[in-house]
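Take a look at the structure below.
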Amino acid sequence: MNAPAYNFAYLDEQTKRMIRRAIMKAIAIPGYQVPFASREMPMPYGWGTGGVQVTAAILGPNDILKVIDQGSDDTTNAVSIRKFFAKTAGVRTTTDTHEATVIQTRHRIPEASLGEHQVLVYQVPIPEPLRFLEPRETETRRMHALAEYGLMHVKLYEDIARHGHIATTYAYPVKVDGRYVMDPSPTPKFDNPKMNDCAALQLFGAGREKRIYAIPPYTKVVSLDFDDHPFERYRHDASCELCGAADSFLDEVIMDDSGSRMFVCSDTDYCETRRAAGPALDSQQSEGAHG
Amino acid sequence: MYVAVKDGERAIENAHTLLAHERRGDPQVPGLSLAQISEQLALAVDRVMSEGSLYDRELAALAIKQARGDLIEAIFLLRAYRATLPRFGMSEPVDTGAMTVRRRISAAFKDLPGGQVLGPTFDYTHRLLDHMLAGDTAVAQPQSVPVQADAMPRVSDLLAADGLIEPSPQPDASKPVGDLTREPLSFPAERDLRLQNLARGDEGFLLALGYSTQRGYGRTHPFAGEIRLGEVDVEFFAEEVGFAVPLGRITMTECQMINQFHGSATQAPQFTRGYGLVFGHGERKAMTMALVDRALRARELGEEANAPAQDEEFVLSHSDNVQATGFVEHLKLPHYVDFQAELGLVRRMRADFEATADERLAIQEAAE
């Protein structure tokens, strides 16, 4: 019972080929959920096994990997996944958004705009945007096949009727390339516009649900809305207290037990880059300003 | 304060060291050997092998030790290891009719060819704590009789001879056996995939579902036609030599449930089957698997299907405890980005509510 010797990036080549085939199909049909034979990974389902399998399948020895969770490189699960690939693939890792060639993310899209040399890999818990409207997979697959998305529009309409606005704040549904309604994973809707016409390839992996989907570079991605209730981004009405950014998505941090709080950038690399560039940098000039 | 979320790397390493320390417990107490776990916690090992889909007592014992006795965690360890193993092919179907039986009971017949063999069972023990076991006392030598080969036909085969029970479904030789660890499960699932899913499924989940069918949620009128425990040969057809080569013997528990069926316009009334088969000694799991297997055949048999245990998508999508525990426990991961987004929405909705409070009051007063 010696410790097993693992292949480059953990997965065996046969499995990687199977995943790459699913990725190719996903790129060919933007927004369509391709079933794939997800493997049991050495981390729990729900902790990024889909993203990890996609990353493992596309990673080459010259890639530079960045892993973020909640926008941060230092959250425990991001550290854990980064270490996993540093150990099993020996690839160089980074926290620098520009430098990375593969960025695996959970719940955020980096503030800095991405380039053609980059792939953004999303960890997806529930890939089916219609799941909470219709629990049956047999039924939702049929709805996608017929592009029967009325139910989703009814849901959004009911939000407006009840609350006066659409009450979905994250995992806000989008339509990809005018065809498939897609779940962007639980990113805040603030990030939705970054998916549109993005230079980087965007891949989505759902391990437990055994689905892969993709947005090819420069694809039209539209957040669902109505003419009289257009899609709105949301961010806290504040600036980052560390770097002063007024355009980034903010985390609220509770400072003490009397409820005082501060707002800081959720994207730690964005925040650190701005601080390193000096306090005078105002958010309007920052290169990360996007859409 | 903000730096609290930093230093994740050091925190993880320290947590791992602490976990290893806690796992070992008091170093004055001798450490467990894998043989002790395998021999004395044999049913835990059986469950881990069964739901871990890997027949290896030593690795299962190691997983239990590493998981500190958390069986779902041990199952997970074994599954993750299994996923990395190369596969050479499919074994031949095991012949449970040729099993070297250690236990065999039928609740449907008082006596039958081969007889009832009680074997090692908790069934008729009085559940009184045995304080003698706190020490390592010697146990009496059990009596044994030689096994008679070919003396124990399966009860379902006896019934089938008279056409009283539906024939055991024969696999279509032209189709490969499904494997949900290699192809994603899709619905409707064929019998091979259904049984594979149930065999890997969580014992507790299936137990509750099986129990629910007995309480009227998808009733199937089951009889324990036969439960047998023993050793079976595993054979592999080797192309090079042109015949099946024995690979070894494994312990299995099989349960054949016999269920009532009233017949339909096209079919004469006859009994139907529910089938359970697990690695090692796992009667509870085999029985409940058979109950759920039969319940899931409701549509196939033209029965009304509105109970949870009859709902294929519901049962097969939620039976896997490694998947279930992962997704439930992932709620421990940070969700502050989505939570912040929700917080913003709740604040906005509360502000709207406050702003229109006077308006609502006026409407209420006008109504009164």
Side-chain angles (χ1 to χ4, degrees), chain A residues 1 4 6 10 12 15 35-47 49 69-72 74-80 83 106-108 125 135-138 163-165 167 169-171 186-190 208 210-211 234-236 242 249-256 262 264 266, chain B residues 1-12 15 34 58-59 62 76-77 79-86 179-188 311 313-314 317 320 322-345 347-349 352:
Chain A
M1 261 187 325
Y6 294 112
Y10 184 76
D12 58 283
T15 299
F36 82 111
S38 174
R39 298 289 190 257
E40 255 126 358
M41 298 300 285
M43 59 270 288
Y45 286 115
W47 300 55
T49 55
D69 186 340
Q70 315 293 305
S72 164
D74 296 300
T75 39
T76 42
N77 204 41
V79 171
S80 166
K83 278 181 76 172
R106 175 169 173 264
H107 292 198
R108 274 314 308 277
R136 275 175 205 286
E137 182 69 13
T138 40
H163 308 295
H165 50 84
T169 57
Y170 61 93
T187 50
K189 67 178 175 179
F190 175 83
R208 193 177 39 77
K210 302 177 171 51
R211 295 291 185 272
Y234 177 84
R235 65 186 290 282
H236 289 303
L242 300 177
F249 191 79
L250 298 173
D251 277 344
E252 182 175 339
V253 182
I254 296 175
M255 303 298 288
D256 54 34
M262 69 189 266
V264 293
S266 143
Chain B
M1 183 70 196
Y2 179 57
V3 292
V5 297
K6 294 283 213 170
D7 267 346
E9 191 150 354
R10 209 178 56 195
I12 289 175
L34 299 190
E58 196 181 0
L59 287 179
L62 176 64
F76 179 20
L77 286 168
R79 289 258 197 104
Y81 177 73
R82 177 192 191 272
T84 66
L85 298 177
D179 180 354
L180 55 79
T181 69
R182 296 280 129 171
E183 289 290 327
L185 187 63
S186 61
F187 299 103
D311 185 331
E313 272 205 58
F314 176 77
S317 301
D320 192 301
V322 177
Q323 288 177 6
T325 200
F327 201 46
V328 167
E329 295 199 46
H330 107 285
L331 292 173
K332 291 183 281 193
L333 289 179
H335 280 80
Y336 26 81
V337 165
D338 348 358
F339 184 71
Q340 290 300 309
E342 289 285 83
L343 205 54
L345 177 67
R347 283 188 179 129
R348 176 172 165 185
M349 282 163 50
D352 288 350

So how far is it from [X] [atom1] to [Y] [atom2], rounded to the nearest 0.5 Å?
| X | Y | atom1 | atom2 | result |
| --- | --- | --- | --- | --- |
| A:Thr169 | B:Asp338 | OG1 | CG | 7.5 Å |
| A:His107 | B:Tyr336 | NE2 | OH | 11.0 Å |
| B:Ile12 | A:Asn77 | CD1 | CG | 7.5 Å |
| B:Leu333 | A:Gln70 | CG | CD | 8.5 Å |
| B:Asp320 | A:Arg208 | CG | CZ | 10.5 Å |
| A:Glu252 | B:Arg347 | CD | CZ | 4.0 Å |

Heavy-atom pair with the smallest gap, counting every atom of [X] and [Y]:
| X | Y | result |
| --- | --- | --- |
| B:Ala80 | A:Met41 | CB-O, 3.8 Å |
| B:Gln340 | A:Asp251 | CG-OD1, 4.1 Å |
| B:Ala341 | A:Pro188 | CB-CB, 4.4 Å |

Which bit of [X] is near chain A, if near means a heavy-atom gap under 4.5 Å: side chain, backbone, both or neither?
| X | result |
| --- | --- |
| B:Leu343 | side chain |
| B:Asp311 | side chain |
| B:Gln323 | both |
| B:Phe76 | side chain |

**Q.** chain B interface, residue from A:Arg235, A:His236, A:Arg211, A:His165 that has the most non-hydrogen pairs under 4.5 Å
**A.** A:His165
Q: Flag the one option from A:Glu137, A:Arg136, A:His163 with the top tally of heavy-atom pairs under 4.5 Å to chain B.
A: A:Arg136
Q. Taking only residues two or more places apart in sequence or in another chain, which ones pass side-chain contact (heavy atoms from CB on, under 4.5 Å) with B:Leu77?
A. B:Ala63, B:Gln66, B:Ala67
Examine whether an atom of [X] lies under 4.5 Å from a heavy atom of chain B, and if so say whether it belongs to the side chain, the backbone or both; otherwise answer neither.
| X | result |
| --- | --- |
| A:Lys83 | side chain |
| A:Ser80 | both |
| A:Arg106 | side chain |
| A:Phe36 | backbone |
| A:Arg108 | side chain |

Q) Counting only heavy atoms not in A:Tyr234, do more than 12 fall under 6.0 Å of its OH? A)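 Buried by this count: over 12 neighbours within 6.0 Å.
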Q. With a 4.5 Å limit on heavy-atom distance, are the side chains of A:Asp69 and B:Pro334 in contact?
A.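 They are in contact (side-chain heavy atoms under 4.5 Å apart), so the answer is yes.
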Q | All ring pair (Phe, Tyr, Trp, His ring centres under 6.0 Å) counterparts of A:Phe190, not counting sequence neighbours | A | A:Phe249
Q.
Using a 4.5 angstrom heavy-atom cutoff, name the option from B:Arg82, B:Met349, B:Lys332, B:His335 with the most pairs to chain A.
A. B:His335
Q: For B:Val337 and A:Tyr170, run side-chain contact (heavy atoms from CB on, under 4.5 Å): C-alpha distance rounded to whole Å, both residues' side-chain angles, the deciding distance at 0.1 Å, then the answer.
A: CA-CA 9 Å; B:Val337 165; A:Tyr170 61 93; over 6 Å; no
